Amino acid sequence: MTEPKSSPSTSSETGAILVTGAGGEMGHALLAALAARFGGRREIIAMDVRELPKERAVHATDAYACDVADSAAIDDLGVKHDISEIWHLAALLSTRGEKNPELALKVNVMGSANLLKLAADCAARRGSSVKFMFPSTIAVYGVPTLALKRAAGSVTEDECLEPITMYGVNKHAVEEMGRYYARHYRLLAADRLDCAVDFRSIRFPGIISADTVPTGGTSDYGPEMLHAAAQGKPYACFVRPDARIPFMTMPDAVRSLIELSEVARAQLSRIVYNASAFAPSAEEIAAKVREFFPKAEITYAPTLERQRIIDSWPENCDDSAARRDWGWKPKHDFDRAFAEYIIPKIKARYGC
Ligand code: SER
């Protein structure tokens with residue numbers, strides 16, 4: 001998935017910013033960050049399948065409770081607002097997607113198709129390309145055996161793309177749809193508009209937030225272990241102690257998306273980038289949690305389904321393209337993540 005260097009840059013500094021999945025875990029952090037950056041200067045439209053709580057809706061100029069799979073409602077947003085950027089976060093994660101693959105397909109693929117079409121329609125109305133930011137995932141990777149996972153080590157963007165979950169299949173399909181819209185989709189009779197949809201994506205590892213606990217994902221054991229310890233609750237980890245995948249803190253995840261959105265298109269050699277930070281085993285996370293919460297009760301009760309998913313994800317991701325093209329660098333490595341972000345914030349949150 002490489003991008004020709006001659007690709008035109010985009011102009012989306014004006015116009016409204018639409019955020020889908022604004023009620024989700026990443027939406028929570030991203031909406032606040034976008035409001036801090038653009039609030040008062042640009043319209044920020046928040047959308048979620050459920051009505052947003054008041055404290056979250058304050059970050060948006062308009063908030064809609066609407067399903068991404070409802071194509072008429074999505075089209076209507078483009079009529080009501082002059083949208084120049086779409087941050088499409090809404091998705092069903094890997095564990096939830098395996099419980100209801102048909103719903104995952106509808107939300108993750110059909111919903112994304114509706115949003116990509118909205119981007120193209122809005123670009124046609126404005127006469128300039130619409131930026132489309134898409135958080136993808138390590139779930140697009142699929143390593144067939146544990147031995148091969150260990151042998152593969154840190155994978156590049158183009159290796160091991162045989163996902164075993166519906167979520168991984170869906171996210172990979174949307175990356176491809178994004179590539180199509182960015183490289184090959186041209187508007188009829190709009191010769192000047194070289195690129196209607198400026199699609200940019202990051203494959204995120206498991207994300208750890210001190211403010212929120214994820215639901216429906218398979219990397220959830222990391223944050224769950226931590227939030228349980230901070231609340232003095234016992235935790236039975238659903239994967240083996242040796243399970244290893246990459247993780248990143250939520251502030252780094254949000255910053256990476258914002259930084260990627262601000263780079264000139266001509267600087268980007270790819271449509272989709274890996275971004276990594278640290279890659280501890282479940283046992284290393286548990287040991288780190290115990291450093292700060294010595295009474296933490298962590299046991300292991302691996303489940304077949306979730307262990308199988310984690311075993312299929314790579315131990316780490318090679319993010320050298322992101323580092324080279326747009327200067328990606330995580331602020332938090334494993335030690336700093338805990339010492340400087342997670343522990344101070346989580347202690348303040350739970351008053352411990
Ligand atoms: N956090 C996601 C999940 O566990 C992976 O990107 O499904």
Side-chain angles (χ1 to χ4, degrees), residues 21 23-30 87-101 103-105 107-109 111-112 133-143 149 155 157 160-175 201-227 237-240 243-254 256-257 272-282 285 302-317 319 322 330 337 342:
E25 209 196 2
M26 187 179 257
H28 175 82
L30 184 74
W87 298 60
H88 177 37
L89 314 183
L92 246 69
L93 297 185
S94 55
T95 292
R96 182 140 181 246
E98 287 313 282
K99 291 201 173 113
N100 195 342
L103 181 64
L105 185 68
V107 173
N108 297 347
V109 178
S112 300
M133 300 306 298
F134 182 67
S136 189
T137 165
I138 46 161
V140 301
Y141 296 112
V143 193
K149 167 169 170 156
V155 302
E157 285 89 347
C160 304
L161 292 170
E162 288 188 27
I164 71 160
T165 61
M166 183 52 126
Y167 172 65
V169 168
N170 295 164
K171 285 280 186 174
H172 192 218
V174 179
E175 290 179 359
S201 178
I202 295 177
R203 286 186 189 148
F204 282 108
I207 297 176
I208 303 180
S209 167
D211 298 320
T212 48
V213 188
T215 47
T218 316
S219 57
D220 296 3
Y221 62 90
E224 281 177 1
M225 198 183 276
L226 181 71
H227 283 264
C237 179
F238 57 77
V239 291
R240 292 185 314 265
R244 186 184 299 279
I245 57 162
F247 282 92
M248 182 186 286
T249 62
M250 183 62 85
D252 268 345
V254 165
S256 69
L257 264 185
V272 177
Y273 287 90
N274 281 342
S276 221
F278 45 89
S281 66
I285 301 178
T303 67
L304 219 58
E305 301 80 10
R306 296 178 109 181
Q307 183 68 62
R308 189 175 140 262
I309 295 174
I310 290 296
D311 285 347
S312 79
W313 293 352
E315 286 194 342
N316 207 349
C317 293
D319 60 3
I342 295 169

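Note that ligands are numbered from 1 as they come in the structure, with each ligand's atoms numbered from 1 the same way. All heavy atoms count here, side chains included; hydrogens, waters and symmetry mates do not. A quick note: this is a predicted structure, and the numbers were derived from the prediction, not measured.
In the vicinity of Leu93, heavy-atom distances shorter than 4.0 Å reach the ligand 1 atoms 7 (O). Those atoms of ligand 1 that come under 4.0 Å of a heavy atom in Trp313, given as number and element, are 3 (C), 4 (O), 5 (C), 7 (O).
If you run side-chain hydrogen bond (donor to acceptor under 3.5 Å, both in side chains) between Arg306 and each of Thr218, Asp311, Thr95, only Thr95 comes through. Of the listed residues (Glu175, His172, Arg203), just one forms a side-chain hydrogen bond (donor to acceptor under 3.5 Å, both in side chains) with Ser136, and that residue is Glu175. With Ile309 as the fixed residue, the side chain to side chain contact (heavy atoms under 4.5 Å, CB included) test singles out one of Thr303, Ile245, Thr165: Thr165.
Counting protein heavy atoms only, atom 7 (O) of ligand 1 is closest to Ser94 OG, 2.5 Å. Residue, atom and distance of the protein heavy atom nearest to atom 6 (O) of ligand 1 are Thr137 OG1, 2.6 Å. For atom 1 (N) of ligand 1, the nearest non-hydrogen atom of the protein is Ser219 OG, 2.9 Å. Looking only at heavy atoms of the protein, atom 4 (O) of ligand 1 is closest to Thr218 N, 2.6 Å.
With Asp220 contributing its side chain and Gly217 its backbone, the two residues share a donor-acceptor pair below 3.5 Å. A donor-acceptor pair under 3.5 Å is formed between the side chain of Glu157 and the backbone N or O of Asn274.
No more than 12 heavy atoms of other residues, nucleotides or ligands shown are found within 6.0 angstrom of CZ on Arg96.
When heavy-atom distances to ligand 1 are checked against a 4.0 Å cut-off, Tyr221 has no atom that comes that close, whether in backbone or side chain.
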